[in-house]
Amino acid sequence: MARPGGSDTVPVAREAPARAGGRIDIVGLSRAAMRAAFEQAGLPERQASLRAKQIWHQIYHRGITDFAAMSDIAKSQQSWFAERFAIGRPDVVEHLVSTDGTRKWLLRTPDGQDFEMVFIPDSDRGTLCISSQVGCTLNCTFCHTGTMRLVRNLTAGEIVGQVMLARDTLAEWPRPGESTVRYAADGRMLTNIVLMGMGEPLYNFDNVRDAMNIVMDGEGLALSRRRITLSTSGVVPMMARAGAEIGVNLAVSLHAVTKQVRDEIVPLNRKYGIEQLLEACAAYPGANNARRITFEYVMLKDINDSDEDARELVRLIKRYKLPAKVNLIPFNPWPGAAYECSKPERIRNFSNIVFEAGISAPIRTPRGRDIMAACGQLKSASEKKSRAELDREAAAQPAAG
Ligand code: SAH
Ligand code: SF4
């Protein structure tokens, strides 16, 4: 189906089924859709509009998950809402905390699909890494998620729900009586979001866009677009729309500088080549020196890590005049992977060459190794457990909040 700005459709099994019990989950609906849902359920137009405004504030600003706790709504109407609507969170199958403070969740959708989320605290920020799909249709050879069968896109509600769940766990909603002003001030743990979990966000464009617009809404979660980064493996036709309709920071999984190597490790390169990708980066709105594009580069021993590769990377970035920084990611091995991580000295040499050309090239330190915080690892470990065992664990999880 042709869409303005181009589209790139991939086979996706199906959308999410309705919630059990027939209630509509309002997390993830736009303001207009929430109003419409209330009207459709029988509220007169003006009341639907007022209630949508109040409930929006309650769920996205205060983190309320129960209509009965919404003191600005009459008791009788609270139960009217509770019978028809739900305020969802993904279910928690596992929640692990690393010795370095990194947290990892294995989450489950209402129809039983498991996906991951990671929180990485640093001294000056806290980054939540969220998923956009269950699995991924692209088969990057070094990525464990790429070996999983895509089950489905996550809905906007399931994407926003991850951020809400993290706020629940970190106790970062305002407490009753706490002033709005203080809450809006900085000093929270969760300050940044990266769409770097499972899935390719630009293959689930509409849901990712809707979810990010809710996350950025000033009357709700209110995260600045400057604190959100969308990572793509290079879905070129969707990049302009991402800039125009989402407008967050862009990270591009480059990983190789020659057609031959990138074709092999990021097979999407056969469809959209390096030149096309870098042109799309140069055209990305808002790309300037203050908001640089991040190029992710996974360090694979003897594959993409030579001095020559580093020099070619510099040449490409300069040729397209890209305001860029390069994130060098040590390869995180997983059972059955065909690669090894480059030696630390090799990574340092590579970083120095890029750095000496005036381009920042930090080496990312692996975090949460003890809890398998690398992409796709927790999900695959849990798949070794029986379904019954996981269900028991999910049932034993304490309520969020
Ligand atoms: N699909 C998107 C976003 C999710 S992957 C993308 O590819 O950009 C997030 C980042 O983790 C990507 O840069 C990806 O290439 C990288 N990654 C995946 N598997 C990895 C591994 N085993 N070791 C290190 N980085 C990995
Ligand atoms: Fe998908 Fe990104 Fe993994 Fe490639 S690196 S398989 S695009 S999740």
Side-chain angles (χ1 to χ4, degrees), residues 8 10-12 104 115-118 120 127-151 153-154 159 162 193-205 208 212 228-236 238-239 242 246 248-256 261-272 277 280-281 293-301 303-305 324-342 347 362-369 372-380:
D8 194 87
V10 278
V12 166
K104 174 140 187 165
F115 61 101
E116 301 175 352
M117 174 172 85
V118 178
I120 304 161
T127 306
L128 187 70
C129 175
I130 61 177
S131 292
S132 56
Q133 299 182 307
V134 178
C136 187
T137 48
L138 297 168
N139 301 307
C140 303
T141 47
F142 56 86
C143 172
H144 198 232
T145 305
T147 67
M148 296 172 194
R149 196 173 58 89
L150 173 72
V151 183
N153 281 333
L154 290 175
I159 298 169
Q162 295 173 62
I193 293 177
V194 293
L195 279 147
M196 292 186 186
M198 293 169 74
E200 169 49 56
L202 295 188
Y203 273 164
N204 185 14
F205 185 83
V208 166
M212 290 306 107
I228 302 175
T229 301
L230 184 152
S231 174
T232 180
S233 55
V235 185
V236 168
M238 300 307 287
M239 285 169 62
I246 314 176
V248 296
N249 300 320
L250 184 68
V252 171
S253 295
L254 190 62
H255 302 318
V261 177
R262 196 162 192 269
D263 273 358
E264 191 199 316
I265 67 176
V266 184
L268 185 65
N269 195 65
R270 295 173 205 163
K271 207 165 169 188
Y272 312 116
L277 176 58
C281 289
I293 292 175
T294 304
F295 287 104
E296 291 154 281
Y297 200 99
V298 63
M299 298 302 294
L300 304 171
K301 186 172 178 231
I303 304 283
N304 63 355
D305 62 351
K325 81 166 195 197
V326 176
N327 256 347
L328 298 176
I329 318 171
F331 170 64
N332 238 319
W334 39 273
Y339 302 104
E340 279 176 62
C341 183
S342 313
I347 304 180
I363 303 165
R364 285 229 300 244
T365 12
R367 298 285 303 268
R369 281 243 157 129
M372 301 181 289
C375 284
Q377 293 192 355
L378 186 62
K379 173 163 168 154
S380 65

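Counting starts at 1 for both ligands and their atoms, following the listed order.
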Peer 1: Output yes when a protein non-hydrogen atom is found under 4.0 Å of atom 2 (Fe) of ligand 2, and no otherwise.
Peer 2: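 So far as the 4.0 Å threshold goes, atom 2 (Fe) of ligand 2 is out of reach of every protein heavy atom.
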
Peer 1: Report yes if M196 has an N/O atom closer than 3.5 Å to an N/O atom of ligand 1; otherwise report no.
Peer 2: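 No.
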
Peer 1: Which bit of V298 gets closer than 4.0 Å to ligand 1, counting heavy atoms only: side chain, backbone, both or neither?
Peer 2: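 V298 to ligand 1: side-chain contact only, backbone stays beyond 4.0 Å.
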
Peer 1: Ignoring hydrogens and angles, state whether a donor on the side chain of N327 or E296 is under 3.5 Å from an acceptor on the partner side chain.
Peer 2: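 Their side chains do not contain a donor-acceptor pair, so the 3.5 Å distance test is not met.
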
Peer 1: I329 versus ligand 1: do any nitrogen or oxygen atoms come within less than 3.5 Å of each other?
Peer 2: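 Among all N and O atoms of I329, none is under 3.5 Å from an N or O of ligand 1.
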
Peer 1: Just to check, does M198 reach to within less than 4.0 Å of ligand 1 when the distance is taken from its heavy atoms?
Peer 2: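 No, that is not the case, since the closest heavy atom of the residue is not under 4.0 Å from the ligand.
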
Peer 1: Taking atom types as modelled, find out whether Q162 and S131 have a side-chain donor-acceptor pair closer than 3.5 angstrom.
Peer 2: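 Per modelled atom types, Q162 and S131 side chains form no pair under 3.5 Å.
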
Peer 1: Quick one: do the E200 and T232 side chains pair a donor with an acceptor below 3.5 Å?
Peer 2: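 A donor-acceptor contact under 3.5 Å links the two side chains.
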
Peer 1: Would you say N269's side chain and E264's backbone share a donor-acceptor pair under 3.5 angstrom?
Peer 2: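 No, N269 side chain to E264 backbone: no donor-acceptor pair under 3.5 Å.
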
Peer 1: In terms of atom number and element, which parts of ligand 2 are under 4.0 angstrom from non-hydrogen atoms of G146?
Peer 2: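 Going through ligand 2 atom by atom, the ones under 4.0 Å from G146 are 6 (S).
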
Peer 1: State whether a side-chain donor-acceptor pair under 3.5 Å links S132 with Y203.
Peer 2: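 Side-chain D/A pair, S132 to Y203: absent.
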
Peer 1: With a cut-off of 4.0 Å, which atoms of ligand 2 are near a heavy atom of S233?
Peer 2: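 Those qualifying, in numeric order: 7 (S).
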
Peer 1: Tell me, please: is G197 in heavy-atom contact with ligand 1, that is, under 4.0 Å?
Peer 2: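 Yes, G197 has heavy atoms under 4.0 Å from ligand 1.
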
Peer 1: Of the choices S231, G199, A251, which has the non-hydrogen atom that lies closest to atom 1 (N) of ligand 1?
Peer 2: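 The residue whose heavy atom sits nearest atom 1 (N) of ligand 1 is G199.
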
Peer 1: Between H255 and F142, does the ring centre distance come in under 6.0 Å?
Peer 2: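 They qualify: ring centres under 6.0 Å apart.
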
Peer 1: Please say whether H144 places an N or O atom under 3.5 Å from an N or O atom belonging to ligand 1.
Peer 2: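 For ligand 1, there is no N or O atom that lies under 3.5 Å from one belonging to H144.
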
Peer 1: Taking 2.8 Å as the cut-off, does C136 contribute an N, O or S atom near atom 4 (Fe) of ligand 2, distance below it?
Peer 2: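 No, since none of the N, O or S atoms of C136 sits under 2.8 Å from atom 4 (Fe) of ligand 2.
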
Peer 1: Closest heavy-atom contact between K104 and V118?
Peer 2: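 Looks like CD-CG2, 3.8 Å.
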
